[in-house]
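Worksheet for the structure shown next.
Numbered from 1 within each chain, the chains take letters A, B, ... in sequence-line order. Below, all heavy atoms of this structure are taken into account, side chains as well, without hydrogens, waters or symmetry copies.
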Amino acid sequence: MLNNSFFYFLTLQLYKEKSKHIAVVLLSLVVIFLLSSVLFISSSLRYSLFETLEAQPDFVVTKLKAGEPSTTPIDWADELLEIYGISKVTPRVHGRYFFKSKDKSFLVVGVDFLEEQSHKGIESLISGTDIKSFLSGDNMIVGEGVKKFLEKNYYRNSYQFLTPKGVFKKVNIVSTLTDKSNLLANDMMIMPQALAQEILGYGQDEVTDIAFNVVNPDEWQNINDKVLELHYDLRIVSKDEIKKLYQNLYNYKGGLFLSLFIVLLLTFSLILYQRYNMIYSTERRNIGLLRAVGWSINDILKLKFLETISLVLISFILGVTLAYIYTFIFDAPLLKEIFLGAENLENSVAFRPVVEMGVLSSIFFIYAIPFIASVLIPVWRVAITDAKEAML
Amino acid sequence: MIKINSLYKKFNRSVVLKDINLHIKLGETVVLKGVSGSGKTTLLSLIGGLDRPTQGSLLIDGEPIHKLPDNFASKLRASKIGMVFQHFNLLEHLSVAENVMIPLIPTGLKVDKIQDRVNSVLKLTHIAHKKDTLASRLSGGEKQRTAIARALVAEPQIILCDEPTANLDKANSLLFIETLQRLHQQGKTMVIATHDPLFDNLPFSSRVIPMVDGEIVDE
């Protein structure tokens, strides 16, 4: 290949016009980098969230009061167990506790450590915790964001909750969750279920909701109908509905970024168009010259195509690599805030490296096709019409 | 070698070439003389296959270049025709040697063979000492010698020159004519479009063809 005259000339062209090509590569690199970073973050978040959702129970039941979710009687769990086909019925206690003076809130999650089903969902979060010593007193495990926030406010090893009865309740912090769980558990406080009930003001026979699974997925609709018949003030939400909610959220965000990208792409094409118009007269003469000395239209298009595809590949590889480093090694400063929105507590989410081939090929085609077309179409037009340009 | 019969060329409504009939034999040197706008350059571009006539025929070595598809016309041009332009038309960002090798790139020759050919043609045109100099840094005469080297590198039988001395001083113009004489001695067929009086009485030119308003007036 090194002795191939065409490739020799191609490398000559790339090298000798390096300032022009470097400018094009830098411009393209910015576009690829931004697009790749956004798609990497989006894929990573989607992957993490949907993986978590997958581990969620099939249905969640809540009591409604005046159309709003209210505390749910724990007895409903027994009624649910009586329906054939329902399994893993789990009463759950969770709710937000407000830190009024700083306008922040924590997610208090009560876990019944004696019931296997109750803590299965957060098993991975609390793995490594000594359950016996945890249950020996009023203890809790907190997310990294909670830990940092409390430390800033001089609560190092414990926190004083003010219960709805107006009583202070001191709870010890026995450990902190790893930063890998920050996406979901940054503002979480995990504690025994009875303690959570006390802090959130629930009675002994009250829970936030009751989760359950259905053994046969074909029976989902039947079970859903049967459960609805139990109580007039019961609301049932399926895992599919929650998934759809998140999907809609991601479609909205995806659409937003797609719109932004189209604007970016148009700007990029405009810059390229201007750039090629600027050099149009020289380029026309050079193409005319190549035709005059015996190059066919195909030869010229081949040269320009190889020249452009080389620039596209260089920009693509560099852009994607930089985006990978920016997103997964440096945790995407600036873009992270846009994606995660205003966080309740300071969050140091570590994006899980997820690279989908579909996403990579989309980036390549969305960028490469307009770029190659914006170069080759004018070249082709000049080559077919202005061969005698060299004579002028 | 070149046979032109009843050739017309129109651009929109204006007729640029009218009823051109011209036969040029192998080894002949023909000077097309005329003022600017007389149609000399258009006729050269038709002979070189860069444009197509509106009417008439144009044969190069028996091949109707005006009817050939682009790929074949380009091959014919690459193998049989060398062109020298008024503005030299060198790629300014490339060196002398790199400019000269351009016609050989699509031929599929290996790089080392191309370099051998380029070196020998640079010696022939007395520009070998500037081999690695960028075209943008050459004088007018040096650019012209580079352009001639480029026209000769594919060893074509026909050389077409369009106003070759228009951008040269007298000394360089005379040097150029000397080069043409050497090419004539080598048996090249040459067609030179010019209005430079230096070409009026060339010792080696077989014909001077005056052109006025797109017509050959008196051969």
Can you name the closest pair of heavy atoms from A/G294 and B/P106 and give their distance?
O-CG, 4.5 Å
Taken to the nearest 0.5 Å, the spacing of A/K16 NZ from B/H93 NE2 works out to 8.5 Å
Would one find more than 12 heavy atoms of other residues, nucleotides or ligands at under 6.0 Å from atom CG of B/D19?
yes
Answer with side chain, backbone, both or neither: which region of A/D299 has an atom nearer than 4.5 Å to a non-hydrogen atom of chain B?
side chain
Please report the interatomic distance CG(B/D112) to OH(A/Y8), rounded to the nearest 0.5 Å.
11.0 Å
Indicate yes or no for a side-chain donor-acceptor contact from A/W295 to the backbone of B/I102 under 3.5 Å, with no hydrogens or angles considered.
yes
Sort by residue number and list every residue of residues 147-154 of chain B having at least one heavy atom under 4.5 Å from chain A.
B/R150
Could you give the distance from CG (A/L290) to CG (B/L91), rounded to the nearest 0.5 Å?
6.0 Å
Hits for ring pair (Phe, Tyr, Trp, His ring centres under 6.0 Å) against A/F328, two or more places apart or cross-chain, chain-then-number order -> A/F40, A/Y324
Evaluate the side-chain proximity of A/S296 to B/D70: yes if any heavy-atom separation is below 4.5 Å, no if none is.
yes
Quick one: are A/L289 and B/F85 in side-chain contact, heavy atoms under 4.5 Å?
yes
Give, as side chain, backbone, both or neither, the part of B/I105 having an atom under 4.5 angstrom from any heavy atom of chain A.
both
If you draw a 6.0 Å radius around CZ in B/R182, do more than 12 non-hydrogen atoms from other residues or ligands fall strictly inside?
yes
If you measure from CG on B/L109 to CG on A/N4, what distance do you get to the nearest 0.5 Å?
11.0 Å
OG of A/S5 to CE of B/M101, rounded to nearest 0.5 Å, is 9.0 Å
Identify which of B/L90, B/I114, B/L94 forms the greatest number of heavy-atom pairs closer than 4.5 Å to chain A.
B/L94
